[in-house]
Amino acid sequence: MRKGEFRNGMEYLTWGRGAKSLLFVQGGPGSFVPQGVLRGLFRREFAAYQEAGYAIWIVTRRRNMPGTHTSADMADDYAELIADEFGGRVDLVVAESFGGMIGQYLAARHPQSFGHIAMVVTAAELSAWGKDVDERMAAAVAAGDSNRAGTVLAEYFLPGPRTRWLRELLGPVVGRRVLGNSGCPGPDVLTEARAELAFDARAVLPLIRPPVLLLCGGRDTFFPRAVAEETARLIPDCTLIVYERWGHVRTGSSRRVPRDVLAFVRSR
């Protein structure tokens, strides 16, 4: 594994020497190079891609983005990066959660920049609950309050008022392990949160021409199944796979995802 920074300020973590390139667009708000325990988790989750001959590239958003930067603007940033650093095309884009919001615009505006695209635990619009949780977490991260940010992040796994005491107990630990020293500037986290709150891709989805794989959890509270199904209907060529009993985090971290993505790539 090695990490670095591209000329435009987008940071990356890469591993694998395969001839094919996989660009992973991670969730948010906020993007950072995985480190510590997260780095090990990513390596295990992406093992199937590496075995299939891919070099893995996890690439953050630009640093010090304009405060008005939208998801479409971020998609343009990734397309420009692909043009400048990857010879104009990557073989596979895997875009997850907020990264999948960006991926929807990448697919609509820059279809020539990739061979295949898979969008994981994402949809045309974030739920009201998801907007509220992510807005609170972004504010905590931007303020440098890792304890509060960790408490909000724990809500992803332990929602509802009955587990509030446990979230508050675990918050400081979660904040230190997952969010501490992420390296993502606070203003960028807020910019991504604003882009997420304003996001509604319904008008652009019919413009997507490449085949799309959309993977969602049947119990995802960030991107409810009904919205994911609507998203799939609006994309002209979309294969939707629903993991019936799983929520947002379980689906996104599942090793079923690489298997389904690779099967989709082989079929197209």
Chemist: Per the salt bridge (charged side-chain N to carboxylate O under 4.0 Å, His left out) rule, what does the pair list look like for residues 257-268, sequence neighbours excluded?
Modeler: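 Qualifying pairs: Asp237-Arg268.
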Chemist: Does the distance from a Lys or Arg side-chain N to an Asp or Glu carboxylate O, for Arg61 and Asp77, drop under 4.0 Å?
Modeler: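 No, no charged N to carboxylate O under 4.0 Å.
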Chemist: Measuring from atom CG of Asp200 to atom OG of Ser71, what distance do you get when rounded to the nearest 0.5 angstrom?
Modeler: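 Atom-to-atom, Asp200:CG and Ser71:OG are 11.0 Å apart.
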Chemist: Can you measure from OG1 (Thr163) to CG (Leu169) and round to the nearest 0.5 angstrom?
Modeler: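 Interatomic distance, Thr163 OG1 to Leu169 CG, rounded to 0.5 Å: 12.0 Å.
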Chemist: Checking side chain to side chain contact (heavy atoms under 4.5 Å, CB included) for the pair Leu106/Ser113: CA distance, chi angles, key distance, verdict?
Modeler: CA-CA 8 Å; Leu106 183 69; Ser113 64; 3.8 Å; yes
Chemist: Can you tell if the side chain of Gln112 reaches within under 4.5 Å of the side chain of His110, non-hydrogen atoms only?
Modeler: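 With C-beta onward as the side chain, the pair touches.
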Chemist: With a 4.5 Å cut-off on side-chain heavy atoms, are Gln50 and Arg43 touching?
Modeler: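 When only atoms from C-beta onward are counted, Gln50 and Arg43 do touch, with a gap below 4.5 Å.
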Chemist: Taking a hydrophobic cluster as the set of Ile, Leu, Val, Met, Phe, Trp and Tyr residues connected by side-chain heavy atoms closer than 4.5 Å, whether directly or through intermediates, do Trp246 and Val227 fall within one such cluster?
Modeler: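 No.
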Chemist: Side-chain heavy atoms nearer than 4.5 Å, only ILVMFWY residues, links allowed to pass through others: does that put Leu126 and Leu197 together?
Modeler: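 They do not share one cluster, since no chain of ILVMFWY contacts under 4.5 Å joins Leu126 to Leu197.
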Chemist: Give a yes or no answer on whether the side chain of Glu192 reaches the backbone of Gly30 with a donor-acceptor pair at less than 3.5 Å.
Modeler: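 Pair found, side chain donor or acceptor close to backbone of Gly30.
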Chemist: Can you check whether Thr239 reaches Phe264 side chain to side chain, under 4.5 Å on heavy atoms?
Modeler: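 Side-chain contact under 4.5 Å: yes.
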Chemist: Return the minimal non-hydrogen interatomic distance between Thr251 and Val257, and the atom names on each side.
Modeler: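 That would be O-CG2, 3.2 Å.
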Chemist: Knowing that exactly one of Ile58, Thr60, Val189 qualifies, which makes a side-chain contact (heavy atoms from CB on, under 4.5 Å) with Ser31?
Modeler: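 Per the side-chain contact (heavy atoms from CB on, under 4.5 Å) rule, the option paired with Ser31 is Thr60, out of Ile58, Thr60, Val189.
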Chemist: Parallel under 30°, tilted from 30 to 60°, perpendicular over 60°: which one fits the rings of Tyr54 and Tyr49?
Modeler: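 The rings of Tyr54 and Tyr49 stand perpendicular, inter-plane angle above 60°.
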Chemist: Could you tell me how the ring of Tyr12 sits relative to the ring of Phe6: parallel (under 30°), tilted (30 to 60°) or perpendicular (over 60°)?
Modeler: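 Rings of Tyr12 and Phe6: tilted, 30 to 60°.
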Chemist: Counting C-beta onward and ignoring hydrogens, is there a side-chain heavy-atom pair between Pro258 and Glu45 closer than 4.5 Å?
Modeler: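 The answer is no, as the side chains (C-beta and beyond) never meet within the 4.5 Å cut-off.
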Chemist: Locate the shortest heavy-atom distance separating Ile117 from Ala107; write the atom from each residue and the value.
Modeler: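 Minimum heavy-atom contact is CD1-CB, 4.2 Å.
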Chemist: Would the distance check show the side chain of Tyr78 and the main-chain N or O of Val59 forming a donor-acceptor pair, the cut-off being under 3.5 Å?
Modeler: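 Indeed, once roles are kept as given, a pair shorter than 3.5 Å links the two residues.
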Chemist: Is the shortest side-chain heavy-atom distance between Met74 and Tyr105 below 4.5 Å?
Modeler: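 Not in contact.
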Chemist: Rounded to the nearest 0.5 Å, how far apart are CZ of Phe46 and CH2 of Trp15?
Modeler: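 Answer rounded to 0.5 Å: 5.5 Å.
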Chemist: Less than 4.5 Å apart, any side-chain heavy atom of Phe42 and any of Ile56?
Modeler: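 A side-chain contact is absent here, since even the closest heavy-atom pair is not under 4.5 Å.
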Chemist: Could you tell me the separation between the SG atom of Cys238 and the CZ atom of Arg233, rounded to the nearest 0.5 Å?
Modeler: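 These two atoms lie 11.0 Å from each other.
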Chemist: Run the side chain to side chain contact (heavy atoms under 4.5 Å, CB included) test on Phe114 and Leu23 for me, step by step, so that the C-alpha distance in whole Å, both residues' side-chain angles and the decisive distance to 0.1 Å come before the verdict.
Modeler: CA-CA 9 Å; Phe114 57 84; Leu23 174 65; over 6 Å; no
Chemist: Closest heavy-atom contact between Phe32 and Arg63?
Modeler: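 Closest approach of Phe32 to Arg63: CA-NH2, 3.9 Å.
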Chemist: What pair of heavy atoms forms the shortest contact from Ala228 to Leu214, and how long is it?
Modeler: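 Closest approach of Ala228 to Leu214, heavy atoms only: O-CD2, 3.6 Å.
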Chemist: For Val212 and Met119, what are the C-alpha separation, side-chain angles and deciding distance, and is it a side chain to side chain contact (heavy atoms under 4.5 Å, CB included)?
Modeler: CA-CA 7 Å; Val212 171; Met119 302 178 191; 4.0 Å; yes
Chemist: If two hydrophobic side chains count as joined below 4.5 Å and joins carry through other members, does Met65 share a cluster with Leu81?
Modeler: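 As far as the 4.5 Å side-chain criterion goes, Leu81 and Met65 are connected within one cluster.
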Chemist: If Ile, Leu, Val, Met, Phe, Trp and Tyr residues are connected whenever their side-chain heavy atoms lie under 4.5 Å apart, and connections chain through other members, are Leu190 and Phe199 in the same group?
Modeler: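 No, it is not one cluster - the side chains of Leu190 and Phe199 are not joined through contacts under 4.5 Å.
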Chemist: Is Arg250 positioned over the aromatic face of Tyr243, cation under 6.0 angstrom from the ring centre and no more than 45 degrees off axis?
Modeler: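 Output no; distance or angle outside limits.
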Chemist: Any side-chain heavy atom of Arg109 within less than 4.5 Å of one from Asp76?
Modeler: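 Yes, close enough: below the 4.5 Å cut-off.
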Chemist: For a quick check under 3.5 Å, do Thr191 and Asp188 share a side-chain donor-acceptor pair by atom type?
Modeler: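 On atom types as modelled, these side chains do not qualify, holding no pair under 3.5 Å.
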Chemist: Could you check whether atom CD of Glu135 has more than 12 heavy atoms from other residues, nucleotides or ligands sitting under 6.0 Å from it?
Modeler: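 Counting neighbours around CD of Glu135, 12 or fewer heavy atoms of other residues, nucleotides or ligands fall under 6.0 Å, so no.
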Chemist: Do any pairs count as a ring-ring contact (aromatic ring centres under 6.0 Å, His included) and have a residue in residues 207-242, sequence neighbours left out, and if so which ones?
Modeler: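 Output for this query lists Trp129-Phe222, Tyr156-Phe222, Phe222-His248, Phe223-His248.
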Chemist: How long is the straight-line distance from NE2 of His116 back to CG of Asp91, given to the nearest 0.5 Å?
Modeler: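 Asp91 atom CG to His116 atom NE2 measures 9.0 Å (nearest 0.5 Å).
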Chemist: Which heavy atom in Pro236 sits nearest to a heavy atom in Arg209, and how many Å separate them?
Modeler: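 Nearest pair, atom of Pro236 first, then Arg209: CG-NH1, 3.3 Å.
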Chemist: Do you know the tightest heavy-atom contact between Val261 and Ala118?
Modeler: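 Scanning both residues completely, I find the closest heavy atoms to be CG2-CB, 3.8 Å.
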Chemist: Would you say the side chain of Gln104 lies within less than 4.5 Å of the side chain of Thr122, judging by non-hydrogen atoms?
Modeler: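 Touching, per the 4.5 Å side-chain cut-off.
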Chemist: Rounded to the nearest 0.5 Å, how far apart are CZ of Arg256 and CG of Leu215?
Modeler: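 So the gap between those two atoms works out to 9.0 Å.
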Chemist: Given Arg225 and Val242, is the side chain to side chain contact (heavy atoms under 4.5 Å, CB included) satisfied, shown in steps?
Modeler: CA-CA 8 Å; Arg225 178 173 181 161; Val242 180; 3.8 Å; yes
